[in-house]
Every structure is written in structure tokens, then in C-alpha cells.
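Notes follow once the structure below has been shown.
Side chains included, hydrogens not; waters and symmetry mates left out as well; all remaining heavy atoms used. Proteins come first, then strands; the chains are lettered A, B, ... in the order of their sequence lines, and each starts at number 1.
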Amino acid sequence: MPIKEAEKSYEHKKIEKEIQDSWVKNQVYFKTNQLREKGPKYSFLDGPPYCSGKIHLGTAWNKVIKDTFLRFKSMKGFSLRRQAGWDTHGLPIEHKVEQLLDIKNKQQIEEDIGIANFVSKCKEFALKNKDAMTNQFEDLGVWMDWDKPYVTFDPKYMESSWWTLKKAHEKGLLLKDKRVISWCPRCETALAAAEIDYEDKIDPSIYVKFPLSKPLLDDVDNPDGLSEYFLVWTTTPWTLPANLAICMNPNFDYSFVKFLNNESNEFNDSNSGNKNENSNEGILILASDLVESIFGPEIKITKIKKDTGEIDENGKSIKKIEEIKEEVYEIIKVVKGTDLEGLSYEYPLIDEIPEQKKFKNDKDKINVHTVLPGDHVELGEGTGLVHTAPGHGPDDFEIGKQFNLPIFCPVDEEGNFNSLGGKYSGEFVKDANPVIINDLKEKGFLYIEETIEHRYGTCWRCKTPIIYLATEQWFLKITEVKDKMLSEIKKVEWIPKWAGEGRFHDWVDNAKDWTISRQRYWGIPIPVWVCEDCGNIKVIGSVKELKDNSINKITADDEDLVHRPYVDEIIIKCDCCNESNNLDLNSQKPNNTNKICNGKMKRIPDVLDVWIDSGVAGWASLYYPQESKMFDEWFPYDFITEGHDQTRGWFYSQLGTGVIAFDQVPYKKVLMHGFVLDEMGKKMSKSLGNVVQPEDVIEGYGADVLRFYLLWASKPWDDLKFVWDELNNIKKMFNILWNVYVFSTTYMALDNFNPEICDLNDENSIILRDEDKWIISKANSLVKDVEEDLNSAFFHKATRKINNFILEDLSRWYVRLIRGRTWVEKDDPDKLGAYYGLYTSIEILIKVLAPIAPHISEKIYENLIKGIKSDSKLSIHMENWDYDENLIDSDLENKMDIVRDIIEASARARDMAKYKLRWPVNDITVVSTDKSVINAVNHLKSVIKDQSNTKQVLTSEEFENIKFIAKPNLKTLGPRLRQDMGIVNKFLAENDGNKIKLELENNGKIVIPISDNDINDKEIELSVGDVLFDNELPDDIVSSDFDGGNVFVNTQITQEILSEAMARELIRRIQDMRKDMDLDVEANINVTVDADKDFKNTIFDKIEFISNEVRANNILFDELHGDSLNYKDNKYDDKHIKEWKIENENIILKIEK
RNA sequence: AGGCCAGUGGCUCAGCUUGGUUAGCGCGCACGGCUGAUAACCGUGAGGUCCUGGGUUCGAAUCCCAGCUGGCCUACCA
């Protein structure tokens, strides 16, 4: 099939649809993979997007990076694994389904809807979303295994995560423990650190007075016997019912503060709040460094305007300002933190919380209601005395364990006080805040009440503020494998480097044990069965193992069986004593007998944190260990890439589970990419309403433009500001590429061009000019450079280079250089050379572009290459990525750069002289002392001649025709010569500047004799710096400089030049009319010219040239003047006959087909 | 509070790894040109304290330190 003439305009929608359809129809993706099957393996793992239902620009960017990189690797000959993945479990979908079914809490799920029903709805929802998102990714032209992705609810996938947990158990890294964890009271489940979002919230901020049980001050310090209080700050009053201690930092100083004057004792203005009336009675103890920030300066200065009794000239009384200094409070005593250790206090809510009385009287719990040391106490906020409730804070919990405090947590899973909550039983914790505050106030223990705006953790899905609760949860002991994790990070190649060395390292370094249990439904059930009798536990590692161990008859199919509620029903017989490796270190009832207990084992009801789901993707997607062939081939992965939010997410979860399961990190190279922000640099979010949908961009600009833009707009690891306007630039670039393609096919189709009929060794067949060799060299250089960039994931550099090649090298330069050659009719070897250069460079270009813009490159390939070249492939994406080092001629590339500069300089010079480019000039002279410039000019002289429209190109080290005019440098001479300046002025003006310059250059000075009759003869000596030179060119010479020299253009008009100029003026107008008449490029015409005799004579010997250029059969000169109007009215419209003005000449042209 | 990243004409961004031309591209703006790639294209021009302040150096947009602003992440915000 020959090359067809391309459609005139670039219609992205039509093209992309057509190409995507043809990929499907011809199974191009499958065949491309098949083609590379034997190649070296390059393994990639897709970070599974969550099945939220819609992709956003960030997910689009993520997949575009992956797709581009993988298409490139495929063209490089690698055999790839590019399975798509889907994260399907977890709370976000449960929430959506809850909304759909109008469910408010867990009770409704379990009792009204039923777990089975709920779970199946979740699955249905996930599937629906997955399909919708798949379509969106396909619209972007992303090539992945969409028809066989890994899906986290697939039983074969899930059992890999079971196996991983079993592995953790075997290594002693799985444990159940009572700890304080983040809890969402709405979802009624534990949350991992990665599931907490931080938002600004307003909360109460109260200072509470805890009275000392025994006074510390003696009569001297405290003669009035005022009560002493520890001043404690909290923003969570609801945790006060669980208060069991106060923590201080042993390294701090603590002050005893006594207020001197009740009236003036006001809170620091910036902190002013609602002060309790009783608040100042007594002595407050707090960290010394915080006294001033809370109470303000010790001495208060009040300025008062006082009447002096005198009256000023306006009759107004004169006032003066008086300062009243008042001592507000007094620091009676300062002690070390350690001095406070062990002091006991009276718990303020002792009457409200009966349980607290029991703790107080418990002889084993001697530390209850005392001051304890804690390094976590800081001076940033608060009072340096920290309210400690071991049931409600991770730090408090640690202190509680260390000092044997009860882990008291009177709050249930819904966030309500339970029966142990005494007076507050049944109350939701946040609602109890004002009640508790009021109780404190009434009892005189509230010092101050105000509010504070601070960042507070919320549930990542429902945004409910989290609370800390002490609950029994399952953990992976990350703290035990942390060192290994840290050393594994170092083995990974991170792009950028700081992603691994800084950010990720720090996150892992601070990691705590991983809470993996969730009290929910739609997730991977934790495969732990516990014996009801002996407490022994068993971790099931596969479906088969489950079936083998089950004493139930199993009717559910695997998909249902592995999910709740079906798996909950499976009962396993306890065989604790047969398998010693199943001994549970955490078991409440250690099993030390030898008999088999035969008890019933039931599954714990929890499901897994979804981060485990995706964390195990590396082997679960390969169905390891149930299958091992793929695993052996592909694991670990050569490359993954995700956004920087995945530092705490997927990068971490894979590392953790990888180290637990295999003692290694499952990936070798990571590109951490940025986020897509809006035009203002703000994160896109639904609440801000600034979200841009990828489909809208595709609609307006096309997938290729979007892809190119995303890779071009910023460095991959920086955040990307999405600016609509910038898409236009990319669109323009694609348009220009398309125009070049259209231009090429117009002529190639006309001439039935085929590059394979050209014999490059036969000059009768084809002649490659320097510019042809140049563009081919440039194209090969492009491949080489872009390859380097893509290998390093420098997509922004790759796209810039491609952009530059298309616009600068190909469109603005090469096409311009060859344009004249394409207009030749016969089978000219020189024309074929231009075709060849154009064809080859486009062929190379679209291959480079293919991974980034797979549609347009395929479209061009289909017409230009496929079926034309004998070694062409079914698709451009099956082509090999390569370049020919032998065709790269960097010397030629450099020369062309110089020549291009020169041509642009000459165009500039003509422009300044208003001398049209269309008019030829006799000569231009390139002046330079740089040999490489002269070489370049000599080498590419024909290019300059052609583009500068000149008869000759001369070179010189100096321009002979230049006339220099010498001027005095007033700056240096003025002060020196004073009245003698006139003499110098005169001398320089009267003498030949060129001679002066020469003399200065040769001798370094000139001497001006002064003949003065009165005084002795003297001389004035001028050195190089004293004389400045202006250039003066002859009238018809114009010049402009370029990097490396000057260009002088001779604009003298000779008869020959005029003749040619006029011919070209005529040609331009005839062409204009051809176009206006919408004539075919090939159509021949008859031209009649009406002009006066002079004009006719001027162009007479150019008739043949003109005819050639405009495809005229003949050109007649005729008198049309008299009846031109008749022509217009009768036979011809104004397209066929037109009056023109060329210079001062009126000319009428008639064109006939 | 800590960590990381960024700050370059009106706007989006390169350049920084490896210090060395007159700091560059594109958009926009102004002026001009071209007219068989043409709902395009080309040229010229104006426009910059390279966030601020120190330091290293012969020389800093680039390296170091401190600060400011913005973004993200993290935290035991009691």
C-alpha cells in the first residue's frame, strides 16, 4: 500500500478511538508481549489503586508514567510483566455501601442486613468500580493486563496474605496485645497510623488544678497556708475520668506561683479565656519555663491618662500618662522535677468515678494518683505537668505499664462511657466534655477554660475525630524487624535519592508495631483460630489447609468461603499438643499438659488492615506459595513507582511484609512521584471543588496531549501544578507534528515515494545533501539522549528534547530547508534526498514518541511505515528502540547550529533594512576570526545561499568595506586634555578612521602633533582606550551580529536582482490565487498578465522559471485593462481575475484552469 | 515540634547532580514579517535583586549555614 495523503487536521478524538479499536481488533497488546517473550525479563509491579470508582489526574499521571516506562522497556526488547492490580477491600467501600443501604452503625449491618449480604454488596460495588476505572485507564491508552489483573478479593490472592501471617506467626512476629490504639468511634474499628488524616479542629483547652495530698511548702514560704495545686493542661477533658497519674520531666524546673492581687490576675491576653472565679486561690505548680507564657509577665504595667488640672490654649484639660506597676504574682519557690516524683494528689473526680476509689485504695497500685517521671513531657505547650490516662494515650500507656498503673479505659467501642464511667456512663465522650468541665468548675478545680485550634487526627474515610482506646488488638512486631527493614532500604535505588535516604528512612525508623486487626467485615479475615478451651491458636496459611482442618462440612465456594461470614463458621479441632510450633506465647492459658484438649477452635472475628492486602501484592499476585513458577521468574521486582503518599503506605507495607515473609525488600528501584495540584498549587479535593477529571482533558485535548503534558510539566518527583493553558502548548506541538506529517505525505503520496527504492550509493538514484544527513543525525542523537533520560525516569527531560526536535529541528528548520526541493516535478535524486531525510527523521521521531504518545505515533506509523517498509511491524509498539551511532555526526550538527545562527542574523539584517527575503541579494559576507565558523560556512554554503537568498557567500576575517569613524573617549580624555579636546576632536574627525584603527592596533598609540605658534610644539598621545570607533557601512550594506561574528548583507539592486525579485513577487501572487481558487496542488493553469512594458521586460527572461513554480502551461501578456470589469461580471469571479500592486506597478492577473 | 521538597520576568517551568559565556524555553504582551504545512508559521523587542541575609571561592541561580514563604509527610498537640 502506498503512502496516502494525510487528513489535513489533527483530530485527536477520531484518531485515538480508531487506534484503540485497532489495538483491540488486532490483539496488538497480546502480540507485542508475545514478540518479547524470549527477551530478558524486567519485572514491574503495579501499585493497586483503590476501587473508588473514578480515576483522578493523580492516578492518571501514575499510570501514564508506568505505561510510558514499560512501553519503552518493551521496545528495548524486555519481556515484561505488567499486570494491573486492584485494591478492593476495606472501609472506604464499606462506607459507600453503608450510604447506599442507609446504614448507620455496625449493629444494623449484623442484625438488619446480615454480614453475608453486606459483604456481597461490597464486592459487587468493588467490581463495578474496577470496571469503570479500567475503562478510564484504557482511554488513556494505558497498556496493562486489564483482563487478568490481580484483585485483592480473589481467594488465590487472599491465601497468600494468610500464608504471610502464618509466616509471621512462625517467626514470633504476630501477637495479640492490649495496647492503646487509634480508634474510630464511628467505624468502630482500630486504625493504623497510615489511616489517620490530620485536620485543624477546635477543641476545649482547659487547665485543671490537682490538689496536693500533703502540702509541700512550709510556714515560711506559705504563711497563709494556701492550698497547693499541680496545674495540668488537657484538650481532651473526657480522658480525665481515666486519669491515674501526672507526668513531669525530671530535667525541668518547676515553680510555685502565688498570685498577689485577685483583680489584676488576668490570663495573658493572647490566651484569655473563661476564668473560674475560684481560680486564683492557692498556689499553682508548673514548669518554670512556662510561667510567663501562661500568666504573662510577673510585673504588670498599666498606663493611665490622668488629668493634671491645667488647661491648654484651646481650653482643653491637659492630661499626663502615669504608669502603674503592679506585681501580679510571685514565684515562691523553684524545685527540680525530681523533687516532685512520687508526690500524691487528690484526684478531682473521685466522687464521680467510683472505680477511681478502688484504684486509690489498691495496695498493689502504689503509683496511682502520683507524679511520675516521663521523658515525653515537653515545654511546647501546656504546663510541663501532663495528665496521664494509661487507657487513652500511647505514651500514657507506656507509663502505666512501667509504673504498674491500671490500664483503665471506661469507654466502649462506640465512644460512649461504659458502666465503669460512673456519672458519665452512657455519654458519648465528646458530649461528656462540657459536663466534666462543669463538674470541675463547681468543685473549684478548673483554673481556666478556653478553646484551641490544632491539628487533630481523624479517620481517613469518615473524618470522625479519632480517640485513643486501650483494646486488645493483633500486631505485627515491626519493632523487632526494623533494623533489617532499614538495611533493606539501602539496597533499593531511589529516584530521587532523598525519597529513600531521607523521607522513607525516617518513617521506618519511627515505626511502631503494626496494628493489623480491624473490627469490620469487608476484608481479608485474619486466619487465626483460637481454642475455646485451652486458648491455643492456629494460623491457617491456605484454603486447602482450612478445608483440611475444618470439622464443618463446607458448602460455600472458595470466593465466599474465604470471606466473612462463611469463614467465621469454620470450626477447627484443637490439636495443641501434637504441634508444638503452634504454642502461643500470648495465650492466656499456657498449655503445659500432654493431653490433646480436642477443644473447638473458632476464628477471631477481625479482618486485616487493607495495607496488608496490597503489601503482599508482590507474591500474592503471583499466587505464591500456592504456585511458584511465576514467582521464581519475576520476584523481586525491578521497578515500582507511586506517589509520595505511599511512603507511609505501599512502600512501607511491602517492605514490612516482605521482610517478614522473605527477609528482603520486594522491589529494587522506586520512582516516587509527586501529586497533581490545581492551578493555585492547592491539592485537588472534592471539598475545594477544584478537581479536574481526566476524561474532560481527554475530551478537549486527547490522551496523547494529556500524557505528554503530565510527563513534561514537572520533574516526576515534584508536585505538578495542573494548568489548562499549558495544555495548549502541547496541543500546538502535536499540531505542528501533524502538519509536518501532512506536508510530507502530500508530496510523498503524489510521487509514490518509497524509501526502499532509493539506493543511497547511487547518485543517480538519490542524493543526500548535508541538511538531510544533518536531520538524520539529529534524529539519531534524539533517540540516544531520550533513551538515557527514560532509563533514569527523567521524563521531563525526554519530553523537552522531543518537543525541541519537533519544533526547532524538524519543523522550523528542516522543512524550511527542503521546501524548495519538494516542488520539483521530475524524479529528481535531489528531491528524493529530501523525502528520504524527512521520511527517516519522522520514522525515528515517532518511535521515540511512541511510549509517550502511543496513538498519534501509531497513526503516522500506519500510513508512513506499515506496508511501506519491508521490515515494518503490525504496530509501532512492536518496533525496536535503537539508533545508529554511525549516523550521528556531531561535527555536522555543530556546523548547522552555526550556520543557522548566521542565516538568522542575515534575516535580521534584511529585516532592519526592510529588504524582503523574497528579493535576492548579490552577496553576503560572514566575518569571523573563529576558524570553526568559517569552516561551517564553507561546508554548508549552499544552505546559506538558499536560505539567505543570496548569489554568493563570502567569508573574511575582517570586512573590507567597513568604514570606521574614530571618536574620542570623553571619559578618559576629558579630564586629561581639557581645552585641548577640540584639537583631538578635529583630528579624529578629519582623519580616516580605518587608518587610525590600524595604527592603534599596530603601535598601541597615536600621536597628534600640535603646531602652536606661541608655545613650544607639543604632542598629544592617545592610547587604545582613548579612541572609540563607530562603524559606518556603505549605504547598501546592512549587518547583524551572531554568536561568533558578523554578517554583512549587500542589498544593492542590480537589473538581474530586480528581475528575479519581480518574478518572485509575481509567483507569490499567482500562488495566492491558486490557493484562493482551491486548486489541486498538481493542477496546471494558464496565466494572463496585464502589466506595462517595463515590467514585462524586467521579468521576461524569468518566464520559464515562473511557469515552473506555478505550474503554468503558458504565461501570456495581454491588455486586460479595458474590459476587466466585464470579465468579472460575466465569465469570471474575482478569484480568477485580480488586480495587484507590486511595488509601484499595477498588474492584473487572470488564472484559468 | 521534627523531617522532606520547592521558591528563577505577568504566568507555567528548564538550568543546580559536576560552581565558570550576556540565566534559558514556552505562554502572554508590543512591533514587524511570511502566505502551497496556513483556523498555521517566523522574526524582533520590552520584561529578572535567580525568596532574603550571611559564608566558602578568583568566581555562586548552582555548594554551605541561618531565616522567610508555600506544599507535603510525620508526631506521645497530654
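Here the P atom of nucleotide B:C34 and the CG atom of A:Asn739 are 21 Å apart, to the nearest Å. Rounded to an integer number of Å, the gap from CG of A:Asp509 to P of B:A75 is 13 Å. Atom pair A:Ile806:CD1 and B:G26:P shows a separation of 15 Å (rounding to whole Å applied). Following rounding to the nearest Å, A:Asp725 (CG) and B:G28 (P) show an atom-to-atom distance of 8 Å. Look at CH2 on A:Trp724: it is 17 Å from C1' on B:C27, rounded to the nearest Å. Rounded to an integer number of Å, the gap from CG of A:Asn803 to P of B:C27 is 10 Å. Spacing between atom CZ of A:Phe504 and atom C1' of B:C5 amounts to 18 Å, rounded to whole angstrom units.
The side chain to side chain donor-acceptor pair (under 3.5 Å) test with A:His387 is passed by exactly one of A:Thr236, A:Asp396, A:Asn243: A:Asn243.
Under the 3.5 Å distance criterion, the side-chain polar atoms of A:Trp494 are matched with a main-chain donor or acceptor of A:Ile489.
Under the Watson-Crick or G-U wobble criterion, with both distances below 3.5 Å, B:A1 is paired with B:U74. The nucleotide B:C29 finds its pairing partner in B:G45, both defining distances of the Watson-Crick or G-U wobble pair being shorter than 3.5 Å.
Ring-plane geometry between A:Tyr709 and A:Trp712 is classed as tilted, the angle between the planes lying from 30 to 60 degrees on a 0 to 90 degree scale. By the 30° and 60° cut-offs, the orientation of the rings of A:Phe252 relative to A:Tyr254 is tilted.
Across the P atoms, B:A37 and B:U21 are found 40 Å apart, a figure rounded to whole Å. Rounded to whole Å, the P atom of B:U17 lies 10 Å from the corresponding atom of B:U62. For the C1' atoms, the distance linking B:G70 with B:U8 amounts to 16 Å, nearest Å. Taking atom P in both B:U56 and B:A14, one finds a spacing of 31 Å when rounded to whole Å. Going from the P atom of B:U57 to that of B:C13 covers 36 Å, rounded to whole Å. One P atom belongs to B:C4, the other to B:G28, and the distance between them is 40 Å to the nearest Å. Across B:C68 and B:C25, the matching C1' atoms stand 29 Å from one another, rounded to whole Å. Across B:G43 and B:C27, the matching P atoms stand 10 Å from one another, rounded to whole Å.
If you find the closest nucleotide of RNA chain B to A:Val740 and to A:Thr388, the one lying nearer the 5' end belongs to A:Val740. Between A:Val232 and A:Phe743, it is A:Phe743 whose nearest contact on RNA chain B lies nearer the 5' terminus.
Ion pairing between A:Glu788 and A:Lys801 fails under the 4.0 Å rule for side-chain N and carboxylate O. A salt bridge links A:Lys831 with A:Asp751: at least one charged nitrogen is closer than 4.0 Å to a carboxylate oxygen.
Side chain to side chain, A:Ser932 and A:Asp930 meet the donor-acceptor criterion of an N or O pair below 3.5 Å.
Contact record, A:Asp718 with A:Trp61: O-CH2, 3.4 Å, taken as the closest heavy-atom pair.
Of the candidate nucleotides B:G43, B:C77, B:C72, B:C77 has the atom lying nearest to any side-chain atom of A:Trp233.
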For nucleotides 11-18 of chain B, list the nitrogen or oxygen atoms of the protein found under 3.5 Å from its nitrogen or oxygen atoms, one pair per line.
{"from": "B:U12", "atom 1": "OP1", "to": "A:Lys721", "atom 2": "NZ", "distance (Å)": "3.3"}
{"from": "B:U12", "atom 1": "O2", "to": "A:Glu726", "atom 2": "OE1", "distance (Å)": "3.4"}
{"from": "B:C13", "atom 1": "O2'", "to": "A:Arg800", "atom 2": "NH2", "distance (Å)": "2.4"}
{"from": "B:A14", "atom 1": "OP1", "to": "A:Lys715", "atom 2": "N", "distance (Å)": "3.3"}
{"from": "B:A14", "atom 1": "OP1", "to": "A:Lys715", "atom 2": "NZ", "distance (Å)": "3.4"}

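No hydrogens or angles were tested; on distance alone, a donor-acceptor pair under 3.5 Å links the side chain of A:Ser811 to the base of B:A37.
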